[in-house]
Amino acid sequence: MFDFTNKVVFVAGGTSGINLAIAEAFAAAGASVAVLSRSQQKVEAAVKLLNQHSSNIAGFTADVRDFAGTQEALRQAHDKLGPFDVLISGAAGNFPAPALGMSANAFKSVVDIDLLGTFNVLRAGFEFLHKPGACIINISAPQAYCPMELQMHVCAAKAGVDMITRVAALEWAPFGIRVNSVVPGPIDDTEGMKRLAPTAEIRSTIASSVPLGRLGTKQDVANACLWLCTPAASYITGVVLAVDGGWSLGGAASSASALKNAFFKQ
Ligand code: HXC
Ligand code: NAP
């Protein structure tokens, strides 16, 4: 469907789940791909998987909360693969907890990974982008605009991520760089859903609250990311694109109650 031959893609947090599926979709479309995350084991497994599609694959171990380490990984990826046509910031952390069950450090951990991490990836990555023409995607979440109980940290962090998207779109448009957020809905078979929808009953409640009637797939999100990085989307910047079957139109808030009820029943 898409051709990214001779394009270079860097995916921060690209070693599992949705982000790995995005990395794999770009590699399958012919791109050179670099991924970064904290776990050496996950980085090695992701590189092995991506190598099935392309020999131009690189993996780096770093924590996006650490600016210097992230910058060094971006530099090494640039030196190995060339300037990035696509930069994706997708590293994130999440656990369900009421605000009163969260320490200041618990709140800070998620904000630091999702929000500061996105700043770090974009701030350090700017130097290594293909200009003009590069496309940045921040992976957000419905929590950015749907307040959800047990998710104060994620709601605050991802709302900030979407504001980074909009401000960077403004500041970097003169360089020919587009910046957008992609917002996955409830995506089946992911760490995020394991944490927020730990039982089949909650998953089914969530699926039935999605207007299109099903949980999303990782491929649904990957397809949207690839399309956003094609010339067909060349006039699109600063948008927050939900890939959620319409879930954030109302179902997200109602199905969050299912999680809350299950959490407090434990
Ligand atoms: C309350 C908790 C907690 C919990 C951790 N903490 N889990 N507090 N309830 N369930 C607290 C700890 O006690 C500690 O506070 C602080 O958070 C930091 O914990 P650490 O384990 O030291 O942090 P760290 O090793 O940096 O790990 C970060 C993490 C972890 C977020 C806590 O879960 C992680 O690495 N997650 C990455 C993978 C992930 O979450 N993927 C899902 C993304 S899905 P104290 O005060 O004790 O020091 C997503 C959106 C999904 O983002 C949307 C679906 C619709
Ligand atoms: P996941 O598999 O846990 O993916 C998170 C990735 O980020 C992993 O590769 C993880 O690897 C990496 N990561 C976490 N903390 C990091 C850090 N401090 N530094 C560097 N890398 C770090 O989760 P997922 O459910 O697929 O979620 C992926 C993205 O989609 C996230 O941005 C999430 O907010 C968003 N999202 C997911 C859903 C869903 O339904 N799952 C819905 C809406 C939005 P390491 O552990 O090796 O660091």
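For ligands, and for the atoms within them, numbers begin at 1 and follow the listed sequence. These numbers were taken from a predicted model, which means no experiment stands behind them.
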Using a 4.0 Å heavy-atom cut-off, say whether R65 meets ligand 1 through its side chain, its backbone, both or neither. side chain
Taking heavy atoms and a distance under 4.0 Å, where does L196 meet ligand 1: side chain, backbone, both or neither? side chain
Among F4, W227, F10, which residue meets the ring pair (Phe, Tyr, Trp, His ring centres under 6.0 Å) test with F26? F4
Checking a contact table here: which protein heavy atom is nearest atom 35 (O) of ligand 1, and how many Å away? R38 NH2, 2.9 Å
Ring centroid separation for F95 and H153, is it under 6.0 angstrom? yes
Would you mind running through ligand 2 and noting each atom that sits below 4.0 Å from a heavy atom of I18? 26 (O), 30 (O), 37 (C), 38 (C), 39 (C), 41 (N)
Counting only heavy atoms, which portion of A97 has something under 4.0 Å from ligand 1: side chain, backbone, both, or neither? side chain
Closest to atom 2 (O) of ligand 2 (heavy atoms only, candidates A157, S16, G14) is S16
Could you tell me if any non-hydrogen atom of M193 lies under 4.0 Å from any atom of ligand 1? no
With a 4.0 Å cut-off, strictly under, does atom 22 (O) of ligand 1 pick up any protein heavy atom? no
Ligand 2 contact by A12, heavy-atom criterion under 4.0 angstrom: no
Of I187, V183, L20, which has the heavy atom at the shortest distance from atom 40 (O) of ligand 2? I187
When you measure from the heavy atoms of R195 to every atom of ligand 1, does any distance fall below 4.0 Å? yes
Specify side chain, backbone, both or neither for Q143, according to which of its non-hydrogen atoms lie closer than 4.0 Å to ligand 1. side chain
Short version for S103: what comes under 4.0 Å of ligand 1, heavy atoms counted, is side chain
